[in-house]
Number of protein chains: 2
Amino acid sequence: MAENILLVEDEEKLARMVEMELRYEGYEVAKAFDGRSGLEQALSGKYDLVLLDIMLPQLSGMEVLRRLRRESDLPVIMLTARDSVIDKVSGLDSGADDYITKPFAIEELLARIRAALRKRSVRSGKILTAGDLVMDVERHQVTVKGQSVELTKKEFDLLHQLLENKGRVLTREALLDSVWGFDFVGETNSVDVYIRFLRSKIDEAFGFKLIHTVRGVGYVIRED
Amino acid sequence: MAENILLVEDEEKLARMVEMELRYEGYEVAKAFDGRSGLEQALSGKYDLVLLDIMLPQLSGMEVLRRLRRESDLPVIMLTARDSVIDKVSGLDSGADDYITKPFAIEELLARIRAALRKRSVRSGKILTAGDLVMDVERHQVTVKGQSVELTKKEFDLLHQLLENKGRVLTREALLDSVWGFDFVGETNSVDVYIRFLRSKIDEAFGFKLIHTVRGVGYVIRED
DNA sequence: ACCCATTTTTAAGAAAGCATAAAGTACCCT
DNA sequence: AGGGTACTTTATGCTTTCTTAAAAATGGGT
């Protein structure tokens, strides 16, 4: 589930360069070369973040931002020319999440993208539940019947994944992908072992059964 | 409670003119005619905003800004000569809130002053607490059980960030972004070290535990 | 009921993450 | 210039977490 980035930039050479770097980092990238189509695509709901040049044909970046902000709070990072300082100020005022002046080091751009995406993911601080179990994602806290349960990072991530897919059976492979990362090599029974850890801290400790094994398929959380 | 504005400007004629206009608008105004005394007054804590000329005897405006920013987040609007674009850029980069080029219309200056003061009043005027700890953001002061705790700027900013997100776990990267800035390069454990400083000044000195480590994730302030 | 594939459990070594002290650097003040 | 303060980096030991592997248990098909 790579993040989708929309790049709105009319200088094709720069756009191609940035696109390449972003893809290399594992992002999905779409491009628009003018303000009008950029706005249109940004509103499509397909993207997680927009990189928006200020100087654009058809509709200026500022204008795109202003219109976008009427309907969406999609994260936007403005790309501004070196000496157009005024843009910086008014851009942030009209709702950009960040700005970066051209020419920029790609590393800095990447850092800002990460920060903007992180900010968004915090925004949607959600609570997941299953029976008596409550997970507060941003607080990184899990309670059962009001009582706090201490989980390590892997345990937490695994439980998180299962809760996000409550009722759906997840294969070991799918869990490895999402919790351990796709670049995991070789045979391992880590998932099984961590399921065991979770069961002993949750199911056994509180005397019910949330985590079910589906033989030959995988694991699932069911609240019954 | 009129806002106090410090005007640092060596052209006396201009200074007198601006002072008159500001007073007419209901602001309290103090003046300084060189960088050194300007910096000194700015640091006194009496002012809500500084108008800072770039060209100053003794200590340039840029230098004043730089030193001021080491200890304070007081809003600063730079006054720059017509075409000194370089100054504009590096001024904002080094932490000015806005700039205006001379000669300027007084109405524009007033608008920017209002904007800067508004921005500040949104960001602060706030008291943050966690257990027995109280942070007065504006006064840049922290007390525990009524007893004042001396913190350096970085320590303060880090604690501030943690308090603003009390209960939410913040990653090292997020803290680096918000406290140290994006342009931080390379590997560093500065966050860890500053957490240690805070712990020794707060948790250890007063015998409780506010700052918690969430292994594999980051740090969080929890008051329980 | 028995067997085999699958899953669970256990345990121990490896690795990662963290805390801390101390050295190093930059910068200002006098 | 020298001392002081704030900040950053480096190094080290320790603790927790993760991984692996192998033994024990379980379940379902025949």
Side-chain angles (χ1 to χ4, degrees), chain A residues 140 149-159 162 169-173 175-176 179-181 183-205 209-220, chain B residues 35-40 42-43 58-60 62-72 94-95 140 142 149-159 169-173 175-176 179-181 183-205 209-220:
Chain A
H140 219 264
V149 178
E150 298 301 321
L151 298 181
T152 71
K153 179 167 156 56
K154 278 266 158 30
E155 290 165 357
F156 187 93
D157 291 349
L158 176 58
L159 180 59
L162 287 167
V169 181
L170 298 179
T171 65
R172 288 177 175 71
E173 204 176 319
L175 290 168
L176 268 180
V179 177
W180 276 260
D183 50 347
F184 205 91
V185 278
E187 292 291 296
T188 174
N189 71 338
S190 295
V191 175
D192 302 54
V193 172
Y194 273 85
I195 288 288
R196 153 97 187 113
F197 292 161
L198 285 179
R199 278 174 169 158
S200 87
K201 284 185 177 177
I202 294 169
D203 284 357
E204 287 173 20
K209 194 159 169 55
L210 275 181
I211 305 172
H212 299 263
T213 305
V214 179
R215 229 184 146 74
V217 188
Y219 298 99
V220 59
Chain B
R36 191 160 302 279
S37 69
L39 175 61
E40 199 173 302
L43 287 170
Q58 303 250 26
L59 211 60
S60 84
M62 284 304 304
E63 190 56 24
V64 171
L65 176 61
R66 216 167 51 75
R67 296 196 193 186
L68 178 64
R69 276 289 169 267
R70 274 212 293 272
E71 318 187 23
S72 154
S94 26
H140 222 266
V142 175
V149 178
E150 295 302 319
L151 297 181
T152 70
K153 184 163 190 299
K154 278 265 155 36
E155 289 165 356
F156 186 91
D157 290 349
L158 176 58
L159 181 59
V169 182
L170 299 180
T171 64
R172 288 176 174 68
E173 200 180 338
L175 290 168
L176 270 178
V179 177
W180 276 261
D183 47 345
F184 206 93
V185 277
E187 292 292 294
T188 175
N189 72 338
S190 294
V191 175
D192 302 54
V193 174
Y194 271 83
I195 288 286
R196 157 98 188 108
F197 293 162
L198 285 180
R199 277 175 170 159
S200 86
K201 285 185 177 178
I202 295 169
D203 282 358
E204 285 173 22
K209 193 159 170 55
L210 275 182
I211 304 173
H212 298 261
T213 304
V214 179
R215 204 161 232 275
V217 186
Y219 296 100
V220 59

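So you know, we letter chains A, B, ... as the sequences are listed, proteins then strands, and number each from 1.
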In whole angstrom, what separates [X]'s [atom1] from [N]'s [atom2]?
{"X": "F156(B)", "N": "dT5(D)", "atom1": "CZ", "atom2": "P", "answer": "21 Å"}
{"X": "W180(B)", "N": "dT8(D)", "atom1": "CH2", "atom2": "C1'", "answer": "10 Å"}
{"X": "E71(B)", "N": "dT5(D)", "atom1": "CD", "atom2": "P", "answer": "13 Å"}
{"X": "L39(B)", "N": "dC27(C)", "atom1": "CG", "atom2": "C1'", "answer": "14 Å"}
{"X": "E150(B)", "N": "dC7(D)", "atom1": "CD", "atom2": "P", "answer": "13 Å"}
{"X": "D192(A)", "N": "dA25(D)", "atom1": "CG", "atom2": "C1'", "answer": "14 Å"}
{"X": "D157(B)", "N": "dC7(D)", "atom1": "CG", "atom2": "P", "answer": "9 Å"}
{"X": "I195(B)", "N": "dT8(D)", "atom1": "CD1", "atom2": "P", "answer": "14 Å"}

For the pair R69(B) (side chain) and S72(B) (backbone), establish whether a donor and an acceptor sit closer than 3.5 Å, ignoring hydrogens and angles.
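Yes; at least one donor-acceptor contact below 3.5 Å.
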
Is there a donor-acceptor contact under 3.5 Å from the side chain of D203(A) to the main chain of I211(A)?
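At least one qualifying donor-acceptor pair exists.
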
To check you understand the geometry: which heavy-atom pair defines the closest contact between L158(B) and L175(B), and what is its length?
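Smallest interatomic distance, heavy atoms only, reads CD1-CD2, 3.9 Å.
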
To the nearest 0.5 Å, tell me how far E40(B) CD sits from L68(B) CG.
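Output value for this atom pair is 13.0 Å.
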
What N/O pairs connect the protein and nucleotides 21-23 of chain D at under 3.5 Å? Give each pair on its own line.
{"from": "dA21(D)", "atom 1": "N6", "to": "N189(A)", "atom 2": "ND2", "distance (Å)": "3.3"}
{"from": "dA22(D)", "atom 1": "N6", "to": "N189(A)", "atom 2": "ND2", "distance (Å)": "3.4"}

With a cut-off of less than 4.0 Å, is there a side-chain N or O of [X] near OP1 or OP2 of [N]?
{"X": "T188(B)", "N": "dT9(D)", "result": "yes"}
{"X": "R199(B)", "N": "dA19(C)", "result": "yes"}
{"X": "R70(B)", "N": "dC27(C)", "result": "no"}
{"X": "T213(A)", "N": "dT8(C)", "result": "yes"}

Going by an N to O cut-off under 4.0 Å, is there a salt bridge joining R67(B) and E63(B)?
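Yes, this pair counts.
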
Should R196(A) and E155(A) count as an ion pair when the cut-off is N to O under 4.0 Å?
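Here R196(A) does not pair with E155(A) in a salt bridge, since their nearest N and O are not under 4.0 Å apart.
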
The criterion is salt bridge (charged side-chain N to carboxylate O under 4.0 Å, His left out); which residues satisfy it with D157(B), sequence neighbours excluded?
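Here the qualifying residues are K153(B).
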
5′-ward residue of the pair R172(A)/R67(B) relative to DNA chain C:
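Nearest nucleotide further toward 5': that of R172(A).
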
Identify whether any heavy atom of Y219(A) sits under 4.0 Å from a base atom; if not, whether one sits that close to sugar-phosphate; answer base, sugar-phosphate or nothing.
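The residue Y219(A) makes sugar-phosphate contact but no base contact.
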
Side chains of Y219(B) and R199(B), heavy atoms from C-beta outward: is any pair under 4.5 Å?
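In contact.
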
Any non-hydrogen side-chain atom of W180(A) less than 4.5 Å from a side-chain atom of K154(A)?
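Sidechains of K154(A) and W180(A): in contact.
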
Table of protein N/O atoms under 3.5 Å from nucleotides 15-17 of chain D N/O atoms:
{"from": "dT15(D)", "atom 1": "O2", "to": "R215(B)", "atom 2": "NH2", "distance (Å)": "3.3"}

